[in-house]
Q: 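I have a structure I would like to understand better, so I am pasting it below and will then ask my questions one at a time.
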Protein chains: 2
Amino acid sequence: MDDDQLSRVRRFNRAVTHRIGVLDGNYLGSGRPLGEARLLFEIGRDGTTVRDLRARLGLDSGYISRMLRAFEAEGLTTSTPDARDARVRRVTLTPQGRREWDMLDQRSRDRAAALLEPLGLSQRQRLLDAMAEVERFLRASAVVIEPADPFSDEVQACLQAYFQELAARFDTGFDPTRSAPAEPGELVPPSGWFLLARLDGAAVGCGALKIKGDGYGEIKRMWVAPSVRGLGVAQRLLRALEERATAAGVDILQLDTNGSLTEARKLYARNGYGEIPPYNDNPYAQHWFEKRGLQRLR
Amino acid sequence: MDDDQLSRVRRFNRAVTHRIGVLDGNYLGSGRPLGEARLLFEIGRDGTTVRDLRARLGLDSGYISRMLRAFEAEGLTTSTPDARDARVRRVTLTPQGRREWDMLDQRSRDRAAALLEPLGLSQRQRLLDAMAEVERFLRASAVVIEPADPFSDEVQACLQAYFQELAARFDTGFDPTRSAPAEPGELVPPSGWFLLARLDGAAVGCGALKIKGDGYGEIKRMWVAPSVRGLGVAQRLLRALEERATAAGVDILQLDTNGSLTEARKLYARNGYGEIPPYNDNPYAQHWFEKRGLQRLR
DNA sequence: CCATATTTCTGACTTTAGTCAGGTAATATT
DNA sequence: AATATTACCTGACTAAAGTCAGAAATATGG
């Protein structure tokens with residue numbers, strides 16, 4: 001990887017932790033240690049469960065428990081067993097706790113304001129735009145792609161979202177049972193793969209590979225959640241599927257797609273897929289693509 | 001201030017501390033507490049003085065001293081009195097210390113690489129560009145403008161840089177003694193002001209105001225260091241000078257400038273200064289500007 | 001109902017990070 | 001030469017942050 005690029009990233013990290021981290025440490029200004037301030041803030045105006053706090057802050061349960069006990073002693077929070085699972089405790093702010101929370105919130109707001117305040121209007125806008133851009137790509141870089149069980153609930157939820165989107169975008173609506181089938185059972189090794197793109201654990205995209213024998217394979221179920229579009233996730237999914245296909249001896253990869261999915265068609269064209277005559281009678285397919293010679297490129 | 005803008009800044013802060021801050025705490029992965037890792041890293045391959053470390057990290061001298069003692073016990077560093085001032089101690093890494101340092105450096109590099117690695121080429125470039133932009137504007141927002149003593153060394157150094165730049169940019173060269181004079185003594189209240197723009201304490205720009213009586217004032221010595229140009233520092237300096245002028249009863253502000261300083265002329269035009277006939281015989285001036293009615297706008 | 005897993009709590013710890021009040025040696029100032 | 005200042009060190013202290021090993025209550029799958 002380019003050395004200059006790396007040092008630019010490192011410089012950014014330093015600059016940001018210097019300017020923001022410094023100010024961020026000033027949660028402190030609240031007269032509360034950082035740990036407590038973070039916890040209190042994380043409880044939020046509407047409360048949460050201890051479980052959730054532990055996950056979000058990544059802290060030891062004993063540590064959290066003790067801080068919560070201290071908050072209760074101060075009259076900032078109350079806790080009750082969760083309605084659905086009495087092992088789980090639900091933490092809520094008391095009115096007094098909410099006042100403290102508001103103060104922290106205000107502090108955080110002031111901090112942000114202090115950053116923008118010295119800048120002129122156009123500089124502010126440019127900073128905000130650049131921030132949004134950085135944020136998007138940091139998000140993109142946190143997306144991981146990994147195989148998943150096509151029978152699992154989370155994959156089903158992902159497919160559900162996919163089908164719903166197709167139904168919304170196709171003029172004709174979309175009925176999965178009329179489409180070219182891809183049973184979950186076909187998408188597990190050795191006859192196929194199902195890949196999931198995850199952001200912080202949550203599914204934000206998927207793609208499947210069906211190995212058909214005689215060197216043929218087919219790409220199915222390519223979908224990326226709207227929240228992470230334009231960040232190259234589909235590209236990465238496609239590449240990952242191609243790698244699995246190549247490793248499984250596939251030489252010719254095919255796929256079908258609808259005319260309304262213009263981004264998808266561009267993606268395939270960019271990756272060396274050429275349009276071919278229909279190879280199936282999927283009523284929703286309007287374009288068929290093929291990429292040959294995967295084994296040669298191995 | 002716009003509420004939406006504030007929440008965008010806060011979102012960015014959260015995202016960055018989440019994605020980078022988390023990893024940054026992983027200096028930790030070194031098996032060393034954060035404080036020690038930071039100190040070791042800050043010593044650098046070529047060593048520094050304890051004094052410098054204290055200033056850069058903002059830590060208590062006792063704290064640093066103890067950590068350094070621990071490093072010495074581990075055989076990571078050695079320290080010797082500084083050649084020029086024997087009170088100052090110079091800390092250097094031993095070969096073993098340098099190995100640890102290299103490891104930390106490598107870790108930091110890997111971290112940066114892990115961030116870029118999942119992205120495609122164009123996404124990488126866009127992320128790096130956005131990072132640079134954010135960094136620039138964070139720097140801009142850290143610039144503070146405040147009155148300074150025009151006799152002080154740092155102001156003299158600033159003016160020196162200013163004159164040097166004029167000499168380089170003017171076809172004719174530049175000799176301060178031939179220019180329209182502005183003695184330091186004229187630039188202290190009540191007859192004037194000298195403002196300095198500072199970034200982390202260091203001077204990065206200046207501007208002066210000369211109050212001439214009868215409602216007349218003159219802007220002098222406007223200069224911004226190349227490192228922070230295009231970030232609105234000159235604009236802020238100008239506004240600050242105008243405020244002082246207005247408060248001092250000035251109604252008409254004048255200034256002269258050279259034709260080669262195009263950015264300066266744009267700045268003045270944008271701020272309501274109109275070109276007027278020469279009001280002095282400064283041999284380096286080619287354009288004269290004036291803004292009237294400061295008291296009206298008060 | 002039983003065996004097992006989850007979730008939280010408690011108490012007893014350790015480590016990390018930092019502060020503060022002197023003390024010593026070298027340097028600067030008058 | 002006397003005095004003040006600077007740079008660093010030492011030792012004694014504290015608060016914050018975090019870890020670990022159970023215990024108790026509840027849930028879950030058979």
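The sequence lines fix the lettering, A, B, ..., with proteins before strands; numbering per chain opens at 1. All values reported here derive from a predicted model rather than from experimental measurement.
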Q: Give the ring-plane orientation class for Trp101(B) versus Phe41(B), where under 30° counts as parallel, over 60° as perpendicular and anything between as tilted.
A: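 Taking Phe41(B) first and then Trp101(B), their aromatic rings lie parallel (interplane angle under 30°).
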Q: CE of Met67(B) versus C1' of dG18(C): gap in Å, rounded?
A: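 Rounded to whole Å, this separation is 9 Å.
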Q: Round to a whole Å and report the spacing from CG of Leu57(A) to P of dA17(D).
A: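 So the two atoms are 12 Å apart, to the nearest Å.
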Q: Name the nucleic acid region contacted by Asp60(B), choosing base, sugar-phosphate or nothing; use a 4.0 angstrom heavy-atom cut-off, strictly under.
A: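 Answer is base: heavy atoms of Asp60(B) come under 4.0 Å of a base.
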Q: Using 30° and 60° as the class limits, which term best fits the ring planes of Phe12(A) and Phe12(B): parallel, tilted or perpendicular?
A: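 Because their plane-to-plane angle is over 60°, the rings of Phe12(A) and Phe12(B) count as perpendicular.
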Q: Rounded to the nearest Å, what distance is computed from the CG atom of residue Leu39(B) to the P atom of nucleotide dG18(C)?
A: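 Checked: the CG to P distance equals 11 Å.
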Q: Does Leu68(A) reach the side chain of Leu39(A), with side-chain heavy atoms less than 4.5 Å apart?
A: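 Leu68(A) reaches Leu39(A) side chain to side chain.
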Q: Counting only side-chain N and O atoms of Arg51(A), is one of them less than 4.0 Å from OP1 or OP2 of dT8(C)?
A: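 Arg51(A) to dT8(C) OP1/OP2: no side-chain N or O under 4.0 Å.
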Q: Short question: side chain of Thr77(A), backbone of Val91(A) - any donor-acceptor pair under 3.5 Å?
A: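 No; zero donor-acceptor contacts below 3.5 Å.
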Q: Once you round it to whole Å, what is the distance between C1' of dC8(D) and CG of Leu59(B)?
A: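 After rounding, the gap between these two atoms is 15 Å.
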Q: Whole angstroms only, please: what is the CG-P distance between Leu53(B) and dA7(D)?
A: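 In whole Å, dA7(D) P and Leu53(B) CG are 14 Å from each other.
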Q: Determine: side-chain N/O of Arg69(B) to OP1/OP2 of dT10(D), distance under 4.0 Å, yes or no.
A: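 Yes, such a contact exists.
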Q: It should be established whether Arg66(A) places a side-chain nitrogen or oxygen under 4.0 Å from OP1 or OP2 of nucleotide dT10(C).
A: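 The answer is no; no side-chain N or O of Arg66(A) sits under 4.0 Å from OP1 or OP2.
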Q: Using the rule given for side-chain hydrogen bond (donor to acceptor under 3.5 Å, both in side chains), can you reason through Arg10(A) versus Ser7(A), listing the C-alpha separation, both sets of side-chain angles and the distance that settles it, and then say yes or no?
A: CA-CA 5 Å; Arg10(A) 293 171 74 185; Ser7(A) 58; over 6 Å; no
Q: Should Arg89(A) be listed as having a side-chain N or O under 4.0 Å from OP1 or OP2 of dT7(C)?
A: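 No, outside the criterion.
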Q: Write down the distance between CG (Asp82(A)) and C1' (dA27(D)), rounded to a whole number of angstrom.
A: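 Value for this atom pair: 12 Å.
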Q: Looking at dC9(D), dC9(C), dT27(C), which one has an atom nearest to any side-chain atom of Asp85(B)?
A: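 Output: dT27(C).
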Q: Calculate the interatomic distance between Glu36(B) atom CD and dA17(C) atom P; express it in whole Å.
A: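 For the pair Glu36(B) CD and dA17(C) P, the rounded distance is 7 Å.
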Q: Between atom CG in Leu34(B) and atom C1' in dG18(C), what is the gap in whole Å?
A: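 Taking CG of Leu34(B) and C1' of dG18(C), I get 13 Å after rounding.
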Q: From dG18(C), dA26(C), dC9(C), pick the nucleotide closest to the side chain of Tyr63(B)?
A: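 Side chain of Tyr63(B) sits closest to dG18(C).
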Q: Please determine whether any donor N or O and acceptor N or O are separated by less than 3.5 Å between the side chain of Arg87(A) and the base of dT6(C).
A: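 A donor-acceptor contact between them is present.
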